[in-house]
Amino acid sequence: MQYYSLGKNSPNVDFRTAAITGQAPDKGLYFPSTIPKFTAAQIERFKTIDKATLAFEVMKPYVAGTIDDASLKEICAETIHFDFPLVPITEDILSLELFHGPTLAFKDVGARFMSRCLGYFSKDKKANKTTTVLVATSGDTGGAVANGFLGVEGVNVIILYPKGKVSPIQELQLTTCGQNITALEVEGSFDDCQAIVKEAFMDAALNAQFNLTSANSINVARWLPQQLYYFFAWQQWVAKYQDALGNYPAMNMVVPSGNFGNICAGMMAKASGLPLGHFIAACNANDVVTRYLATEKYEVRQAIATVSNAMDVGNPSNFVRIMEILENNFPALTNALSSYSIDDTNTKSTIARVYKTNNYTLDPHGAVAFAAAEIYLANHPQAKTIILETAHPVKFPEVVEEAIGEKIAIPASVEFLFDKEKISIPLAANFAAFKNWMKEGK
Ligand SMILES: *Cc1c(COP(=O)(O)O)cnc(C)c1O
């Protein structure tokens, strides 16, 4: 499989180069030269095969020529080594819980897959240089990346996070790993962290010295494995609803969206033959795409801070990939995708209401999706939807506990974090300070 740049001004590369470099030299995002098409017989088989085999078969065409089958099987089995349960909340809204991974975030899948791919590539004799993964986080990405890359040889990870602006569990997930993971506690906002990272990628000398790469969803190795959620959801959907004639209701997906990597992966899965229904992008007040669908005007804005902060994105980086899947055809876009914008008041009241009425605790991102699903269902009374629950509510205790009026129990799987020591390096919120720290040999 070859990947081309959506900037249309860089040479094609294989999966290995796309994963190692993250972005094309022309700053475009990489996109696969062909979208694999599964046959009806393959899709039928996918209904019942085990998750690891399914993951291997879905990912195989994308890495073709760069990772051998035995290694890819191992990478896939490790990547998806936890549960993805589909849990009914109401009769027509089911929650696909993507927070059962090691850092309680859906980003675990992408981070684990990418880290293992880079680890595999760094074993190659040609690559005798350490790769440095640089990532800015508002909370969730950093933990998943730290955990995913921990102990991976040939890769160092540097995480920049805004001091005092991530939740206690998130901070522990970032700062207690040690080994090849370094956390920089920046005296500033998430935007400051992101600005430093962007400047670092543009600094030729720094890139040459440290082999910098990005671990956000622009990287194909993090973006593409997110398709797997949709395959796992569909297996459970079919098992639950398929009748004797093989029919089942359309599986409409409501995806809490920020950079639109996750929902775009779902649309890839559909383009490759997985029989999915309609897509609904659930957004917070950052509604560039919601407005684009309504007006056909794409207006980038400054990000607005909300309670679903992992979706505070003013210019979603993966939206160009959605347009590429749909061949830049606006009617095809509005046919495939709807979008609703949910404000913070509605998000919080949804958490409270669903807890009271349905005894289900949503996190703020899942709550945005639930509220969007309700709007969609009001317009499509016969439909059913799946919302993606992208994070565990315990990662957002302030908002959720206030809404439900109770403490959230800390899952046993993260309790151990509280016995660990936080280790972070304070950093002033400017690129010069960062570059200085890098140059001084850290
Ligand atoms: C990253 C994130 C999102 C947004 O995902 P995108 O792929 O950027 O659209 C939603 N919810 C949570 C909890 C996240 O961490």
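Indexing begins at 1, ligand by ligand and atom by atom, following the structure's order. Just so you know, these numbers use all the heavy atoms, side chains as well, and skip hydrogens, waters and symmetry mates.
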- Message: With a 6.0 Å cut-off on the ring centroids, do Phe38 and Phe46 count as close?
- Response: yes

- Item | Residue pair Asn219 / Ser214, side-chain donor-acceptor N/O under 3.5 Å | no

- Item | Pro256 near ligand 1 by a heavy-atom separation under 4.0 Å | yes

- Item | Distance filter under 4.0 Å to Gly261 heavy atoms, resulting ligand 1 atoms | 6 (P), 7 (O), 9 (O)

- Query: Considering only the protein, which heavy-atom contact is closest to atom 7 (O) of ligand 1, and what is its distance?
  - Reply: Asn262 N, 2.9 Å

- Message: If the threshold is 4.0 Å, N to carboxylate O, is there a salt bridge linking Glu57 and Lys73?
- Response: no

- Nearest-neighbour protein heavy atom for atom 14 (C) of ligand 1, which is reported as residue plus atom name and distance: Lys107 NZ, 2.8 Å

- So is Met311 polar-close to ligand 1, meaning N/O to N/O under 3.5 Å? no

- Flag the pair Lys348 and Glu402 as a salt bridge only when some basic side-chain nitrogen lies within less than 4.0 angstrom of an acidic carboxylate oxygen. no

- Message: For ligand 1, which is the ligand I care about here, please tell me if Ser257 has any N or O atom under 3.5 Å from one of the ligand's N or O atoms.
- Response: no

- Note on the structure: One finds that the ligand 1 atoms under 4.0 Å from a non-hydrogen atom of Ala391 are 13 (C)

- Message: Would Ser217 count as a contact residue for ligand 1, given that I'm defining contact as a non-hydrogen atom of the residue lying under 4.0 Å from a ligand atom?
- Response: no

- Query: Distance only, no hydrogens: is a donor on one side chain within 3.5 Å (strictly under) of an acceptor on the other, for Gln2 and Ser33?
  - Reply: no

- atom 5 (O) of ligand 1 has as its nearest protein heavy atom Phe106 CZ, 3.5 Å

- Just need the protein heavy atom nearest to atom 4 (C) of ligand 1, so name the residue and atom and give the distance. Gly258 N, 3.7 Å

- Message: Tell me the protein heavy atom at minimum distance from atom 11 (N) of ligand 1, and give that distance in Å.
- Response: Thr390 OG1, 2.8 Å

- Query: In terms of residue, atom name and distance, what is the protein heavy atom nearest to atom 8 (O) of ligand 1?
  - Reply: Asn259 N, 2.8 Å

- Task: Could you tell me whether some N/O pair between His365 and ligand 1 is separated by less than 3.5 angstrom?
- Result: no

- Query: Hey, would you say the Tyr161 and Phe190 ring centroids sit under 6.0 Å apart?
  - Reply: no

- Residues Asp140, Lys395: salt bridge by 4.0 Å N-O rule: yes

- Message: For ligand 1 and Gln226, I'd like to know whether there is a polar contact (N/O to N/O, distance under 3.5 Å).
- Response: no

- Query: Closest heavy-atom contact between Ala146 and Cys177?
  - Reply: CB-SG, 3.8 Å

- Is there any N or O on Phe396 that sits under 3.5 Å from an N or O of ligand 1? no

- Item | Thr385 and Asn252: side chain donor to acceptor below 3.5 Å | no

- Query: If you take all heavy atoms of Ser413 and Leu104, which pair is closest and at what distance?
  - Reply: OG-CD2, 3.9 Å

